[in-house]
Novice: 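One structure follows; several queries about it will come next.
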Amino acid sequence: MTHDDQPVPATPGGCGPGSSGTAPGVARVRWIPIVVFYVLACALAWLVISPLWISGKGLQNPLLGVLSPLMMYTPAAAALFVLMVVQRVRGRAVLASLGMWPIRPLKRTLLLSLAALVGTALLPIVVTFIAAGLGLVRLDLVNFSGFAQVLQSQMPAGQTYPLSVRTTVIVQLVMLLPASATNAMFTVGEEIGWRGFLMSSLRPLGTWPALGISGAMWGLWHAPLILLGYDFGRRDALGVLLMIVSCGSLARCSDGYASAAATSGRRYSVMPH
């Protein structure tokens, strides 16, 4: 780890100057840690969600509210395993490898975090209208019939949803930003894995190839829930494909925020062995 005045890009894959077998200034992708990370993240995701499949209740299982947030921490767990066990990174170097240290300037970081929070809250609405424009979904903005069916499908047999559909829509729109802030406490687990570790590890391929690969891997990781009808109400490959497209868009937004934050202040260079 260096504290020089000149910024040196952090590379969790160990691709900085002084890395074994790599000339100074030449970055390369270390695929073995990436494969270990992704296999472990996906395996943990399926393991966490497996009670929903085994019970046969799917999204109607009351454990959904516990298991889906828990699943969001599996990429962070996989990233920490690779860094600390496979690559033997220790101490503050772990945070530096994941782009979590140092945090400066604080004001700019907070403003970018707020922008990311608002953007994340609005993105599902934008994606929904894009999907409607492409003919992938049909919107009923008067009676919200499709939304009513989704709400009813999540209720136990013989019971109806306690609120009217229009009231529910209004409540959800009002709660978009607070819900996004609450959800951020769980999505940090995904950001640590997908942006902190994976995107940084793939960066030597170039920004757009790295975004494409990481977005596809991130979207596919959601399969245990998407194939139960989560998010898009589809239990097929199209639902997974829609999630991949959505995650690709989110990955670009998240990477833009991370890149902007990284341009200010000194960076740590981590060379795990």
Side-chain angles (χ1 to χ4, degrees), residues 37-38 40-53 58-84 94-95 97-101 103 109-110 112-128 150 154 171-200 214-215 217-233 239-240 242-244 246-258 261:
F37 159 78
Y38 192 63
L40 182 58
C42 290
L44 289 174
W46 277 100
L47 179 64
V48 168
I49 298 301
S50 61
L52 305 185
W53 286 84
L59 300 181
Q60 296 182 2
N61 191 312
L63 290 176
L64 173 65
V66 176
L67 298 181
S68 56
L70 183 60
M71 174 181 166
M72 298 170 77
Y73 285 106
T74 59
L80 291 174
F81 176 85
V82 171
L83 286 172
M84 301 178 69
V94 174
L95 297 179
S97 295
L98 297 172
M100 300 172 65
W101 188 266
I103 302 176
T109 300
L110 292 177
L112 287 171
S113 298
L114 179 61
L117 195 64
V118 174
T120 302
L122 295 178
L123 186 60
I125 298 177
V126 175
V127 171
T128 299
V150 172
Q154 297 177 356
V171 170
Q172 291 208 351
L173 288 175
V174 171
M175 291 300 296
L176 267 179
L177 193 58
S180 181
T182 302
N183 198 43
M185 294 187 295
F186 301 105
T187 56
V188 66
E190 294 194 43
E191 291 302 304
I192 288 173
W194 305 123
R195 243 65 58 200
F197 179 83
L198 182 60
M199 183 62 192
S200 297
S214 63
M217 294 171 72
W218 183 22
L220 188 59
W221 168 84
H222 287 87
L225 278 175
I226 299 302
L227 292 176
L228 288 173
Y230 197 79
D231 273 337
F232 300 100
V240 177
L242 290 172
M243 194 64 196
I244 290 174
S246 177
C247 286
S249 301
L250 275 172
R252 184 66 189 95
C253 295
S254 298
D255 182 70
Y257 158 73

Novice: Go through it in stages, so that I can follow the logic: the residues are T182 and M185, the test is side chain to side chain contact (heavy atoms under 4.5 Å, CB included), and I'd like the CA-CA distance, side-chain angles, deciding distance and then a yes or no.
Specialist: CA-CA 6 Å; T182 302; M185 294 187 295; 3.9 Å; yes

Novice: Taking all heavy atoms of M72 and all of T187, pick out the closest pair and write down the distance.
Specialist: CE-CG2, 3.2 Å

Novice: Sorted by first residue and then second, give each side-chain hydrogen bond (donor to acceptor under 3.5 Å, both in side chains) pair with at least one member in residues 58-72; sequence neighbours left out.
Specialist: S55-N61

Novice: Taking C-beta and beyond as the side chain, do I192 and M100 meet within less than 4.5 Å on heavy atoms?
Specialist: yes

Novice: To the nearest 0.5 Å, tell me how far L44 CG sits from M71 CE.
Specialist: 10.5 Å

Novice: Compare all side-chain heavy atoms of L40 with those of V82 and state whether any distance is below 4.5 angstrom.
Specialist: no

Novice: Check side-chain contact (heavy atoms from CB on, under 4.5 Å) between Y73 and all other residues, then give those that pass, not counting sequence neighbours.
Specialist: F186, V188

Novice: State whether the side chain of S113 and the backbone N or O of T109 hold a donor-acceptor pair below 3.5 Å, judged by distance alone.
Specialist: yes

Novice: Report yes if the side chains of I125 and L176 come closer than 4.5 Å at any heavy-atom pair, otherwise no.
Specialist: yes

Novice: Closest heavy-atom contact between L80 and V94?
Specialist: CD2-CG1, 3.8 Å

Novice: Please tell me if the side chains of W194 and M199 come closer than 4.5 Å, counting only heavy atoms from C-beta onward.
Specialist: no

Novice: Within the side chain of S50, is there an N or O that forms a donor-acceptor pair under 3.5 Å with the backbone of L47?
Specialist: yes

Novice: Of the non-hydrogen atoms in G193 and A79, which two are nearest, and what is the gap between them?
Specialist: CA-CB, 4.2 Å

Novice: Minimum heavy-atom separation for C247 to G219, with atom names?
Specialist: SG-CA, 3.6 Å

Novice: Can you tell me how far the CG atom of L63 sits from the CG atom of L70, to the nearest 0.5 Å?
Specialist: 11.0 Å

Novice: When the side chains of residues 221-231 are checked against the rest of the protein, which donor-acceptor pairs come out under 3.5 Å, sequence neighbours left out?
Specialist:
{"residue": "W221", "atom": "NE1", "partner": "A41", "partner atom": "O", "Å": "3.3"}
{"residue": "W221", "atom": "NE1", "partner": "T74", "partner atom": "OG1", "Å": "3.4"}
{"residue": "H222", "atom": "ND1", "partner": "W218", "partner atom": "O", "Å": "2.9"}

Novice: For side chain to side chain contact (heavy atoms under 4.5 Å, CB included), just list the numbers for V127 and L242, CA-CA rounded to whole Å, side-chain angles, deciding distance to a tenth of an Å, and then say yes or no.
Specialist: CA-CA 9 Å; V127 171; L242 290 172; over 6 Å; no

